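Everything below concerns the one structure shown next.
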Protein chains: 2
Amino acid sequence: MPMRALFPVPHPFRSPSADTGGASPAFLPVGHDHAQCRRDALDKAEEQCRQHGARLTDIRRKVLDILWDDHRPISAYDILHRLNAQSAIDSPHSKPAAPPVVYRALDFLITHGLAHKLTSLNAFIGSAHPGRQHGAQFFICRSCHTVAEVRSARIGQEISAAAAVLGFEVQAPVVEVEGLCPACRPAHSAPCAGHDSACACGQSEP
Amino acid sequence: MPMRALFPVPHPFRSPSADTGGASPAFLPVGHDHAQCRRDALDKAEEQCRQHGARLTDIRRKVLDILWDDHRPISAYDILHRLNAQSAIDSPHSKPAAPPVVYRALDFLITHGLAHKLTSLNAFIGSAHPGRQHGAQFFICRSCHTVAEVRSARIGQEISAAAAVLGFEVQAPVVEVEGLCPACRPAHSAPCAGHDSACACGQSEP
DNA sequence: GATAATGATAATCATTATC
DNA sequence: GATAATGATTATCATTATC
């Protein structure tokens, strides 16, 4: 169970996201205007915060900006490194920030629906649906590390249904699916056969 | 995003698990014969390993046994502590084991389908379905920390369906749902209303 | 002898507590 | 905001058991 490095690979695709009923395309090609993505995200964040009387401070904005460097998740430490690298340039004599700076900013962003934590990676990503904290599912490419944020009503419904049978009250569903995005996927690999139908899986068992 | 302590609370319920099509009860009352649970788990593990030519060594067996102390997840460090506490009794002059000992044992157990990692908790739990690694979903009680391991074919299917639309090849789906188990759930709380249908959620947004 | 398992040390990463 | 403690995980290397 070695945890792969987070960003060693060049990425042919990027991932905005899709707001979908049954699910719709969420992996977009590299060619898209990412500067626009970033600007949109920042603008919406300003808007969000204004509406809720929350303060998008300098640090919080910088962290959000770093999250939007691309559509791939980034670890708290990598955020810290980038933050410090930049501030070393901007103000050469300033002290480097410490981890709590980043975690506090991330807490704020997550609380306000501007970012998500991907628990299976210990990494963070900008929210494709600012303001909506719940009900998203993440599809994570093991090869290029691109993430698609999706909202499948049906997945949510089936989780609710299973919970209902258990008598369980759902508070925070985590759905993070690792696999291969269309670009990294070998031409046409066979779908899962051997396992039972509960297994949404492309792997063979040992 | 404070990470709550893992086991501070007494647990009125325990959770074997259910192998379900549409999902079936998986939270069992405290009264069940847990010694039997544990024996079954260990026996099946021996069986599994014999079949696959894998070696269930002393350390691995001990870790598995600790995982089966109850039906609640346990952190790698807590496993380490228990391991060392016991060995301090058994052989007073032995050196305490170091973290890699535990992680290696856990890797083995997970690889052979005898344990699961709950990524949202950084904790581990014995597998209710030895040998089957994929396709399980976990319902985690935030109050008593009991976990129900469930296999809902429908959840798996909907994840597959969403993946298909994306052109995504599923390799390792992670579904971990935090909430309240039947025992800890206040008499009858209202279901989620305000959010869209993708949100299997009992919470209000800020 | 080859392969796999263990022991020991330490580095790094992740997160939280405290002042 | 800064300092520091704790927890989680991985890397490395030497040693030992098992096939």
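In what follows, chains are A, B, ... by sequence order, proteins preceding strands, each numbered from 1. What you are looking at is a predicted structure, and each value in this text was computed from that prediction instead of being measured.
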d([atom1], [X]; [atom2], [N]) in whole Å:
X: B:Asp58; N: C:dT6; atom1: CG; atom2: P; result: 9 Å
X: A:Arg82; N: C:dC13; atom1: CZ; atom2: C1'; result: 17 Å
X: B:Ile74; N: D:dA8; atom1: CD1; atom2: P; result: 11 Å
X: B:Leu121; N: D:dG7; atom1: CG; atom2: P; result: 16 Å
X: A:Leu80; N: C:dT15; atom1: CG; atom2: P; result: 12 Å
X: B:Leu56; N: C:dA5; atom1: CG; atom2: P; result: 11 Å
X: A:Phe124; N: C:dT15; atom1: CZ; atom2: C1'; result: 9 Å
X: A:Tyr77; N: C:dA11; atom1: OH; atom2: P; result: 15 Å

Donor-acceptor contacts, no H, no angles, side chain residues 92-102 of chain A, under 3.5 Å, sequence neighbours left out:
{"residue": "A:Ser94", "atom": "OG", "partner": "A:Ser91", "partner atom": "O", "Å": "2.8"}
{"residue": "A:Ser94", "atom": "OG", "partner": "A:Ser91", "partner atom": "OG", "Å": "3.3"}

Would you mind telling me which of A:Ile125, A:Ile79, A:Leu118 makes a side chain to side chain contact (heavy atoms under 4.5 Å, CB included) with A:Ile74?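 That would be A:Ile79.
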Output yes when at least one side-chain N/O atom of [X] is less than 4.0 Å from OP1 or OP2 of [N], else no.
X: A:Ser75; N: C:dA14; result: yes
X: B:Lys117; N: D:dT9; result: yes
X: B:Tyr103; N: D:dT9; result: yes
X: B:Asn122; N: C:dA14; result: no

Under the rule for side-chain hydrogen bond (donor to acceptor under 3.5 Å, both in side chains), what residues qualify as partners of [X], not counting sequence neighbours?
X: B:Asp65; answer: B:Arg38
X: B:Asp43; answer: none
X: B:Glu158; answer: none
X: A:Glu47; answer: A:Arg50, A:Gln51

So, A:His32 versus A:His71, ring centres under 6.0 angstrom or not?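 Centroid separation for A:His32 and A:His71: below 6.0 Å.
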Under the ring pair (Phe, Tyr, Trp, His ring centres under 6.0 Å) test, which residues partner A:Phe168, sequence neighbours left out?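 Partners of A:Phe168 by the ring pair (Phe, Tyr, Trp, His ring centres under 6.0 Å) criterion, ordered by chain and then number, come out as B:Phe27, B:Phe139.
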N/O to N/O distances under 3.5 Å, protein versus nucleotides 1-3 of chain D:
{"residue": "D:dG1", "atom": "N7", "partner": "A:Arg104", "partner atom": "NH2", "Å": "2.9"}

For B:Arg61, the salt bridge (Lys or Arg N to Asp or Glu O under 4.0 Å) test, sequence neighbours excluded, returns B:Glu46
Can you name the salt bridge (Lys or Arg N to Asp or Glu O under 4.0 Å) partners of A:Asp33, sequence neighbours left out?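 Per chain and number, A:Asp33 pairs via salt bridge (Lys or Arg N to Asp or Glu O under 4.0 Å) with no residue.
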Give the stems involving DNA chain D, where a stem is 3 or more consecutive Watson-Crick or G-U wobble pairs (i with j, i+1 with j-1, and so on) under 3.5 Å. C:1-19 with D:1-19
Working note: B:Phe124 + B:His116, criterion ring-ring contact (aromatic ring centres under 6.0 Å, His included); need CA distance, chi angles, decisive distance, verdict. CA-CA 6 Å; B:Phe124 304 84; B:His116 299 287; over 10 Å; no
Restricting to side chain to side chain contact (heavy atoms under 4.5 Å, CB included), what partner residues turn up for A:Ala54, sequence neighbours left out?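 A:Cys49, A:Phe108, A:His112.
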Within residues 60-67 of chain B, find the residues that approach DNA chain D with a heavy atom at under 4.0 Å, and present them sorted by residue number.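 Those residues whose heavy atoms fall under 4.0 Å from DNA chain D, taken from residues 60-67 of chain B, amount to none.
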